[in-house]
Amino acid sequence: MEFIIENYYEVGAVILFGVGFVTLMLHSNLIKKIIGINIMDTAIFLFFISKGYILGKEAPIVTELSKTADNYINPVPSALMLTGIVVAVTTTAFALGLTIKLYKHYNTVDLEEILKIREES
Amino acid sequence: MIELIPFINILFLIIFSFTIIIIKKDKIVKFMSLISNLAVFILSIFLLIQVLDNGTLLLNLGKSSSLLGIQFYVGPMEAVLSVVFTFVMLMILWFSYSSIENEISKSRISFFYILINLLLASLLGVIYSNDLFNSYVFIEVSTLSACGLIILKDKKENIKATIKYLIMSTIGSGLVLMAIAYVYSITGHLNISSINEVIISSYQNHNNAVLIILGLFTVGLGIKSAVFPLHSWLPDAHSSAPTPASAALSALVIKVYVFMLIKVLFRMFSYEIINDFIIMDIILLLGSMGMIFGSIMAIFQKELKRMVAYSSVAQMGYIVFGIGLGTVSGTAIAVYHIIGHAVTKSSLFLISGLFIEKTSSKKIEDLKGIGKEMPITLGLFTIGAFSMVGIPILPGFISKWYLSLTCIEVGRVPLILIILASSLLNVLYYFPIIINGYFGNENLEGKIYKSKKIELKRLMPVFLLVIAMILIGAFSSRLIDLF
Amino acid sequence: MIEKDMILKQIGKIIIPLVQLFGIYIIINGHLSPGGGFSGGAVLGTSFIIMNLIYGEKFVEKFISKKFFYKLIGFSIIFYAFVKAYSFLSDIYNLPHPIVGEPGNVFSGGFILYLNIALGILVASVFYIIFSIFIKKEV
Amino acid sequence: MDIFILIPVLLPIIAGFSLLVFKPNYNKRNLIVISTTIINLIFVLFVVILKKDTSFHIVRINEFLDLYFMPDNVGKIFAALVSTLWVFTVFYAIDYMGKNSNLNKFFMFFLITEGITIGIALSGNLITLYLFYELLTLSTFPLVIEKGSEKALQAGKKYLIYSFFGATMVLFGIILLFSQTQNLSFIPGGVIESMPISNPEFYLLIYLLLFLGFGVKAALVPFHSWLPSAMVAPTPVSSLLHAVAVVKSGIFALGRMTYYILGWEVIEYTGGNDYMLILVLITILMGSFLAIHQENLKKRLAYSTISQLGYIMLGLVIFENSSYLGGFLHMIFHATIKITLFFCVGAIMHYENKTELHEIEGIGKKMPKTMLSFTVASICLIGIPPMNGFVSKWFLAIGGLEKNNYIVPIILLLSALLTAAYLIPIITTAFFKGKPAHDVKVSEPNNFMLIPIIVLAAVNVILGFFPNAIITMIQIAASKLF
């Protein structure tokens, strides 16, 4: 039990990941699916950055030069997550563009209806 | 200077793909993409010679220490793979010059070549990179460019297929990123070789964390490489994409993710550790299910491209089966099958593209009596089908042969039944096409001999692919001892 | 189309240059304060989008034509690729580095400044093009 | 010098493809086809005479996949048999197939099959044999569906499925075998060095797989049904392939496998041959029983082939010197007899287009020479003493007795009776029924067909009287084994 209390960031991130995954799987509406993807991605970023966090240290922004390296948290995960965010944004933009085109063709955003229409055609 | 080749390869492709954005005229665009691809092909041959002479090549970009900087690890496997991939992409490009006009609208052709170059750059990136996060970024780039390639045709079913593909692969890359986060949390490194050292010493006390990592990696990369239960996006994506794109997709893109899985399983977790986790039996199960059900589903397909797409799901089953065996020779055969299958599948897809273009219908029934109209093309299709079915001397047979030998080594003899059963199933869906194409009177009357002939110039890339396939079959022993 | 009334135009005249200045500021000292190429570019891009919304398509065309935006994307990516490649090579073959000033002022980051500028231009133009494609129903 | 072995294999294949490329007209094509078969016969005879055993590697990809030709005298006899009968069939086929010239495809595959069958005969290891075995299916398939009708396509598909099923079983066996012994080449007495005390049932599995796999092509009982349905093919195809080439190559491969790969001591140790003996005996009886009430002449001959193949397999299952001799002899004699029978039936079909038994009443008076050779051949098949059928059955019976299990001679006698039961009615309806002789006009098939029939009938009789030339040759091979 104390494991969960100790690093609640990781636990929170995993729960969020589960939430995102479930919304992605269950909802047939495309927009909801894309929201699910975003939740999942943010959960991963939270998990990754919380790995770099060291208690009682501050953000790695060098304001005055006196501070040595050991009173900053580990900057590597946050640097990596910058790229992760960019990747997540691009995928979402691409998915949204596609949903708009799909809406124009099938004028519904719900995947089940689209499947029904495809069966008839 | 030589050891810089992997970096130059990728840089070359990226820069060329971006310069194409500026130049909009098709003539120059085609010419430039040809040069860039040719240059990369020649460079990777140099790389192969270099690696064969003095072993694997480690190239540290950025910081000299391997801790943080991007590191390229080019062993014999990677070098051979990059040569084969660039060769196949060159042939696909050559093929696309003559056939792209009638599939995509004029304005989009330059986009096609940008995406093809980007795709090849990211594929080579995933093959070379020895750094987990770096390969994750390359995987994302390759997924997005693959989605771009599918959407270029801009018809109704294309969009639906792309949406499905995009969502499935975002789930996949999400799982992979989560796995990388877990690995980072346990080992603190991102470089595969340094992770390996940490894991060997300390994997006992992180037992279920390692299991989670393996599970996430297998499922994540499984979705992206269309392993059996997670393959539902593949048939729509591959059958609706333009022919060169679907050839590149099914021959190259799904292979790279499985190679990434091999790197993760066998280079990050070495052979001894990996075998006492149950993940190997799950992979073996996935592989064998893929082999059987992939072929069964392919039998019931009505459209040619969907059938060939399902048969690549079955062939992916072979590769995953090879990995699941968990021995060095098992992985060697998996990589050999990747090469053999890449060449065979791309030639089959290109030929089916030609069939559809000439008979202007996707259905298999309309292919009756095609043998009289396009005898050479169907001849090449037959050779490809023979390799798939496993006639000796061709690569298909050789990988089936070695797979069953490793099965006996590992002591799982009944699994050979699955391999042979699935090659029998292959016969069931490849041979009707050939038989109805060449023989049977009611198929043939009303067809003028060689009326829909494809002029040799367009058939040349497919011809070279088939010759490469036979060569791969011939030099199989040297290739396999290499890995 | 949104009819362009007076209040918006006047406020726009004042705010848009400020927003653009702020965007450029973020790009320039990307390596000192948080931000850098990506976020600075986003601010710059949104300023173009506001300009398009308030003053309409033609005004922005006069300012920077669409075709020029495409060229901008192409050149900035190639510039970024070359500078990044040069930075890798310079590490391996320790070719001459650009001046590495002492930390704290603008020219201290070596390559990072030039990379940030290229990235900023790139992101700004991509933002604007995506917006203009969506707005013109060309999707 | 060793290159000589390759010529008989490659010459027909190249000639076949040349037919496709040059597309010769009617008589130019006949010229090519006849000349290739005759030259090929000369080359094969040259190889047979070649005393010292030469061997030749075509390509050596890796330690298991190398194409290796090494003709020992068992292979030489089979190659000689195949090439001589091929010459006769070519003459017969040219007349039978008639004038239309779009038969280039037919004759192309016809020649290629000859090359592949000789390849099987001369192959030096199991992998080359397996490769040519698979190619044989692919090259005979277009011949089976020559008519192109829906029924022919069905028969072709059935033939393909059976053969591929058999080929997969053989592949399974080869893989298991390869995992035990790294060497697959044919060595008299078998490749396996040590007696498999540790895992006899593993070798039993290998033996069963290989036997059943090759058995599919040799029309073993459970997998025999493709043979009668393949009778839909034109007569030269069904006579040559289903009496000589395809079926016999299955038997030849079985012989190679039992005596040159596994070695008969190993099989005897694993006890595999007892199960197979039962299966073979069932084949003999079932073949004859089914043949008796078959109306269609060709189907009747097909079922008789199945039972006669049972005889030959008897020689492969009873490990005795004389039964091996008997089996091998019967393989040769059955080929010549059955081909004559098929030729006569083919001649009747071609000229009178009568296929059913009740239709051919009084045919003997119309075509006396053909029916006479038919009677001679059927007498040989039944095994009446002076004829060659009797010689091989005699050795088989002795082999069975040496093994002192008495079922074998009884079954041999019983099935000899049954053979008589399904051949004699044809002769009686042909000669003694129908209109009296004097008012029926004699119309013999033209001599392109007639000469092969008469010559083959004569060959049967001569072999019956002077078999010892062949016996000595087989004896040399048998001496190495036992």
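First the proteins, then the strands, lettered A, B, ... as listed; each starts at 1. Only a predicted model underlies this, so the values are computations on that prediction, with no experimental measurement involved.
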Undergrad: With rounding to the nearest 0.5 Å, note down the distance linking CD1 in B/Ile159 to CG in A/Leu102.
TA: 6.0 Å
Undergrad: Report which part of B/Ile151 has an atom under 4.5 Å of a heavy atom belonging to chain A: side chain, backbone, both, or neither.
TA: side chain
Undergrad: Name the region of B/Leu144, side chain, backbone, both or neither, that has any atom closer than 4.5 Å to a heavy atom of chain A.
TA: both
Undergrad: What are the two closest non-hydrogen atoms of B/Tyr182 and A/Val14, and how far apart are they?
TA: OH-CG2, 3.9 Å
Undergrad: Can you list everything that forms a side-chain contact (heavy atoms from CB on, under 4.5 Å) with A/Glu10? Sequence neighbours excluded, please.
TA: A/Asn7, A/Phe47, A/Ser50, A/Lys51
Undergrad: Can you find a pair of side-chain heavy atoms, one from B/Ile163 and one from A/Lys33, that are under 4.5 Å apart?
TA: no
Undergrad: For chain B, which candidate among A/Thr83, A/Thr91, A/Leu80, A/Val87 shows the most heavy-atom pairs at distances under 4.5 Å?
TA: A/Leu80
Undergrad: So with a 6.0 Å cut-off around CZ of B/Phe111, is the heavy-atom count from everything else above 12?
TA: no
Undergrad: What part of A/Leu30 gets within 4.5 angstrom of chain B, counting heavy atoms only: side chain, backbone, both, or neither?
TA: side chain
Undergrad: To the nearest 0.5 Å, how far apart are CG in B/Leu177 and CG in A/Asp41?
TA: 7.5 Å
Undergrad: Just grab all the ring-ring contact (aromatic ring centres under 6.0 Å, His included) pairs involving residues 149-181 of chain B, residues at least two apart or on different chains.
TA: B/Tyr165-B/Trp233
Undergrad: Apply side-chain contact (heavy atoms from CB on, under 4.5 Å) to the pair B/Ile171 and A/Met25, showing each step before the final yes or no.
TA: CA-CA 10 Å; B/Ile171 301 172; A/Met25 282 303 159; 3.5 Å; yes
Undergrad: Between B/Glu157 and A/Tyr106, what is the shortest heavy-atom contact and its length?
TA: N-OH, 4.5 Å
Undergrad: Which heavy atom of A/Phe17 sits nearest to which heavy atom of B/Gly174, and what is that distance?
TA: CE1-O, 4.5 Å
Undergrad: For B/Tyr136, which atoms come within 4.5 Å of any heavy atom of chain A: side chain, backbone, both, or neither?
TA: side chain
Undergrad: Rounded to the nearest 0.5 Å, how far does CD1 of A/Ile34 lie from CD1 of B/Ile167?
TA: 6.0 Å
Undergrad: CE/B/Met178 to CE/A/Met40 distance, rounded to the nearest 0.5 angstrom?
TA: 9.0 Å
Undergrad: Which atoms form the tightest heavy-atom contact between A/Gly84 and B/Phe133, and what is the distance?
TA: N-CZ, 4.3 Å
Undergrad: By a 4.5 Å heavy-atom criterion (distance strictly below it), what part of A/Leu24 contacts chain B: side chain, backbone, both, or neither?
TA: side chain
Undergrad: What part of A/Ile37 is in contact with chain B, defined as an atom under 4.5 angstrom from a non-hydrogen atom: side chain, backbone, both or neither?
TA: side chain
